Amino acid sequence: MSSASHLARPIDPTAVAALRRTVRGRVAYPADTAYAVAGDVSPAAVVLAVDEADVAAAVRVARLHGLGVGRADGALMVDVARLAGVAVHLAERTATVGVGATWRDVMAAAAPYGLAPVPSWRLDGPVGPDVLGGAVGPFVRRLGLCAEHVRSLRVVLADGVVRTADDDLRHGLLGGPSLGIVTQVDLALSGPAPGSAEWRTATRTRITRDGRVEEVGWGDEAAHRPAVWERGFLLGAGAAPERDEVLTTIAAEYGEVLVDELGGATDRPSENAADASGAHYLVTVRADAEPRDGSPARSLEPWLTGGSLLAHHPVEPSWPPATVERLAALRRRHDPHGLFR
Amino acid sequence: MSDLRVRAFGAVTATLAGVPLDLGGPRQRAVLGLLAASGQRVVSTDRFLEDLWGGEPPPKALSALQSYVSRLRTLLEPDRGPREPARVLVSSSPGYLLDLPDEAVDVWEFAALCRTAGSLADPAAVVETADRALALWTDEPFGAYADDEWAALEATRLAGLRTDLVETRAAAALDLDRAGEVARDLEPHVRDHPLHERGVRLLATAYYRLGRQGEALAALSGLRERLVDELGLDPGPELRELETAILNHDPALRVAPRVAASAPVPAASAPTPAEDDVLGRAAELARLHAAAAAVAGPTLVWVTGEAGIGKTTLVERFCDESVSSWRIARGRCPEVDGAPPGWAWAEALAELRGTAPDPAAVRGLTPFDLAHELAHELQGAVADGHGALVVLDDLHRADGETLQVLRHLLAAVRRPLLVVATFRPDEAGPDLGLTVAAVADRTGERIDLAGLDDEAALALLRASCPTELPEATWAALVERAGGSPLFLRQVGRLAASEGAQLATTGLPSAIRDILDRRLVRLPAATVDLLSRAAVLGRDIDLDLVVACEAERDLASEDEVVDALDAGIVAGLVVVDAPGSLSFAHALVRDALYDRLPPMRRHRLHATALAVLERIAPDATGALAHHAAASLDARSAAHAVPLLERAAADALRNGANAEAVRHARAALAAHDLAGTAEQQRLDVRRLLVQGLASSGDLAGAHAERQASIEAAARWGDARQAVLAMLWETATAWTIRELQRVDRPLVARLQAAADELRAADRDAVDERLLVDVLATLALETEGSDLVDVAEAAAAEAVERARALGDPEALCRALNGAYLVAYPPRRDGLLLEVATDLLAASREAGLLSYEAVAHSALFGAYAGAGDLVRAEEHVVLARSSGTASQLPLTLAVSGLFQGLKLLVHGQVETAATVYEQVTALMAASGDPNGAAMSIVLGFTAAHAAGDTSTVLPGVEQLAAYGSVELVDYQVCCLLDAGRDDEARAHWRPDRDPRRDYFWLFNATLRGELAARLGDVEVAARYEQALTPWAGRFAGLVSGAATLGPVDHVLGLLARVRGDEETALAHFAGAAALAEQYGATQWAERARKCASSG
């Protein structure tokens, strides 16, 4: 990583000065240990934003100095992990949640009011990527994708202004590629209470390397933690025995396979770009290491719906043609110069 | 913010969340219009005055402008809190700007959409974008101000954009095969702009696609005629090619649509701000980068220059260029006294930790701890493969602790570390001078900034003065500024407001006068308030300023915020980071502060003190600063405890100069308050310690004497004893020329006897240890050395029994000074090792430095020059400011000694000369004497001391036996044996101190040469335990070669040739081992001449 960052084009000093003057949070450069949040890419800098204004300031600086914005080589990366505030609005049964807050943070804030969010399986993960990527949670069949419970969201667009997304934009941001940086979401608190029967009995299916098929619930934390490598596939109906055989083979080859049953609430087409209608299962293939050759996509080909959910690391993001057109129009309108990477 | 919309097509209006705002009268409305017409650029206050009042602003215009701005801000941002900075109508020197996104202002959105349309590849997107833009054009832009020049210029520019946009849209629509639409749109356009080639070409192409070939050719030939008739121009090649293509039915004309390209377009939609802060400093920047590239271990780079020359700007730019390879932390030495010691490091530490600077983070840490904390934090904060870059700004203001931490850090860090430190040489105190010398071997580069050259100066001047001035005025300004960027920037701003007038009214030559003149142009209330804020220091703590204003009921919070805002607009106040303000330069702060009459300053400091006591009761330094600045008969009693506490704190933190200042202020407060003398005894002791710690021995002695007298007169028995104590670590004698203060020694002895006789608790026992340790310091190296040895031994024994590491440090410090030869070999090493352990346990860095000095002597004496050198380096890096001069001299002399021992006699002599010259130049009273002693040493090694006789004679006149022996030696070498015998004093022995072995060896040599059998016998006995050693090496400064050589001479005196030869062989072998050929040859010659 270090050698890659040495190769990166140095950032324009006037941009550094601008960041210094306008961003309240820390700005990490390659020599800073805090820069490690960038992982295996080498952005020009990472803004560890502490509030919305920081995000807006970072985007303005990036635009003014010809930098892209995002987790990409040479771009300005904005880390929103510190935007983690949670405020519950009892009357509306909603919570305003910073995208860096975890599901557990939201649960802890909502619990005193007897309310709960509709979470993904990753309770310790941040809410933002889950709702924006259309994550599938334990209550998906009754309540749909996590994204369905977003009432409104605040976003910083390419012009560097924080605003509440209109309906069009919101539908695009929920499940589409990045058109801006979402800073906070209003979530409907319509999930089952932790500890209720529905909560306790929620499960998903796991196929192990040795072909065992088992139901895993909250107790098996390892099953819900992100793996070193994982890819999600939306599968349609048909030819069950044959499909199960393929999944067992994949589990044996890669490590393990998790199956979330969809349907119910997800059958209704969503207005969001995150849409699982038509899919019967979400199959997540997980491995402890980057697999040497390819992905299991080929063997699953017969059942793939063609859709994808970004939160579940699709091999290739894809949307129905109408959605692609909608997203392209949004991109033309809000980010015509492709600021966000 | 997102709901605000400004419209400038037609009248200037604004809506917030769809609700129209009442923007007030035409002039207030024009403020917004002018900002909208200037894009997201700053409009200077001067331009506002010029444009809004048609070139004739009335005297109160600036105040009026400020109130328009203030009212507009309230309208545009109704929810903004009083302290929050304005985010829409933003202050930015030298004026204001409208900080809104393009789409919030219709004329900007129009321009932005025009740019976007021009840069898009997808024709559908181009058409969509262009349509959105054209829909905005509902009326002529700035129509309501069409007669004003500022509006007319912008309106013309926008009209030009519109023309281009219509044509760009047409081209894209043609690609989409929408020729009919294009023909309809372009017909009126071509009528309005008949000479626009591109429009006509597009219209012709559209006609052709529609099958209207004749109209296509008619349009082209019409244009050709107009060009020729009206402009006398031939049509361009593109037009001719199109004509030919139409005539030939070229299939290329039909190729449409273009493939929609999806390649990303570079996001360079707005120009990069071009303000280049470091105009004319490219060479210096390159040197900084070169120094950085050469860094292997800890390295220091100095950037020096006078105030306003651009040190900070240069270093800031260097940092901004280095972020990708260096982890950067910055610390600035506070401009005003009263910040906690080591504050700059607290800032750097906070930046490494990613937290806010916190005085508590450094409070109570010794410089040693702080340096290690920093080293540790650097380890954690710097990614692998990178180095750390620490910037220390304004080091001329650094307190003792800050400098000590710097010296430490450079020794403590093991990874690539680059410290860039700036200071003003003309304001650098002795502590900084010594630090510069002490870290010379870690210094990678020193950049002394001179003034900018004329070209760069002119560029900078023009950048800060948007008004055009006569050539002669520019030249005069450049010449007057002498290349100082601060001067140029300030004079540029002054010129912007006074214009050519400046040349006629005479240009101030001092930066202060320029600042004063700029201040005069601001509303008086604003200047007043800024001046009051300047009392609190260069950094502006808004809470503190507001609280102080409220305390005296001077200005409301709003007024404070407005005044600071006016300061920002005038460029006197800068925003360092969101929410953090400071005066733009120390000189700005000083200019404001100096405007206050002394009596007001006094009252304002009193106010600051009252407020700080309430809101920051732990800021001892700041409290003391304001207490001292507002001292009078009424406040004195209150100030005393504050000043005393600050003095004690500063002393504990190694901030010695501050401790002395606070202690003196406390004594002045005592005088004013008329406190009883007995109450002052404690602070007197602090003063003695502060002076001793900062290296002012004479001052410390004088104050101690005064303290002893005061305690004897007004204090109790215990205070009388305390007043005598010497409580400061010392690697060297504390007495000038080692004279003994006999009455003091007698009193110390009496005090010790009394304490021994009394029933003692732990406190008394500790006092007894201190008395004994002081007694040792007062008698070592004198004829009372037996007293010193006994006192030190007893002190060490009692301190060990007491288990008090600090007391043990003092006792061992005494013991160390009496552990040199002729006492038992190995004793010095033991005492030094114990002192090192005790000082570390007590966390007392000053004693650790003494321990390293002691270890240096011990290893040097044993001939282990490598370890000796290690410890002299450690002594230098851990020493306090007061210890620096000595350790620096010691390490310099050691270099000479090493050369001598390695046989490079001539080079050694040169080094000795240089080092002693430096010592003398720094005011060291021993410098001159050392110079003679070392000259003698070098001459002795060369085999003939007669050359240094004149200097030695001069010094020997003082009568010390050691110097008389030098004289005897010189006379013998000169062949003046009778005179030598006349001076020879067989009855006196040299002092027992670190030079004893040197002097005793010389005395043995002289006894042998003079044939004084009695003295020879005595010295053969005294020197025998030291065989195998270089005489005097333990001093770390000088040597006479192997002791064995003299033992050989002495054995020969009593006719024992066998022993003599053995000694000569030993001397030769020892000398050979180190490469000291001069002594090896001497020994062999003596052996053969027997």
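Residue numbers start from 1 in every chain, and the chains themselves are labelled A, B, ... in the order their sequence lines are given, proteins ahead of strands. The structure displayed is predicted, hence computed values, not measured ones.
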Is A/Val23 close to chain B through its backbone or its side chain, or both, or neither, when contacts mean heavy atoms under 4.5 Å?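 Contact with chain B is through the backbone of A/Val23 alone.
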
Pick one of side chain, backbone, both or neither for A/Arg24, based on which atoms fall under 4.5 Å of a heavy atom in chain B. both

What residue in B/Cys319, B/Ala112, B/Ala381 has the most heavy-atom pairs under 4.5 Å with chain A? B/Ala381

How would you list, by chain and number, every residue that makes a side chain to side chain contact (heavy atoms under 4.5 Å, CB included) with A/His334, sequence neighbours excluded?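 Applying side chain to side chain contact (heavy atoms under 4.5 Å, CB included) to A/His334 gives A/Leu157, A/Leu169, A/Leu330.
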
Partner residues of A/Thr94 under the side chain to side chain contact (heavy atoms under 4.5 Å, CB included) criterion, sequence neighbours left out: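 With neighbours one apart ignored, the set is A/His89, A/Glu92, A/Arg151.
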
Heavy-atom nearest pair, A/Ala62 first then A/Leu76, reads CB-CD2, 3.9 Å

I need the minimum non-hydrogen distance between A/Leu310 and A/Gly175, along with the two atoms involved.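 Closest heavy-atom pair between A/Leu310 and A/Gly175: CD1-O, 3.6 Å.
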
Say you draw a straight line from CZ of B/Arg327 to CG of B/Leu352; how long is it, rounded to the nearest 0.5 Å?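 Going from CZ on B/Arg327 over to CG on B/Leu352, the span is 5.5 Å.
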
Sort B/Ile328 into side chain, backbone, both or neither according to what part of it lies under 4.5 angstrom from a heavy atom of chain A.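 No part of it gets close to chain A.
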
Contact winner vs chain B - A/Thr22, A/Val27, A/Thr33, heavy-atom pairs under 4.5 Å: A/Thr33

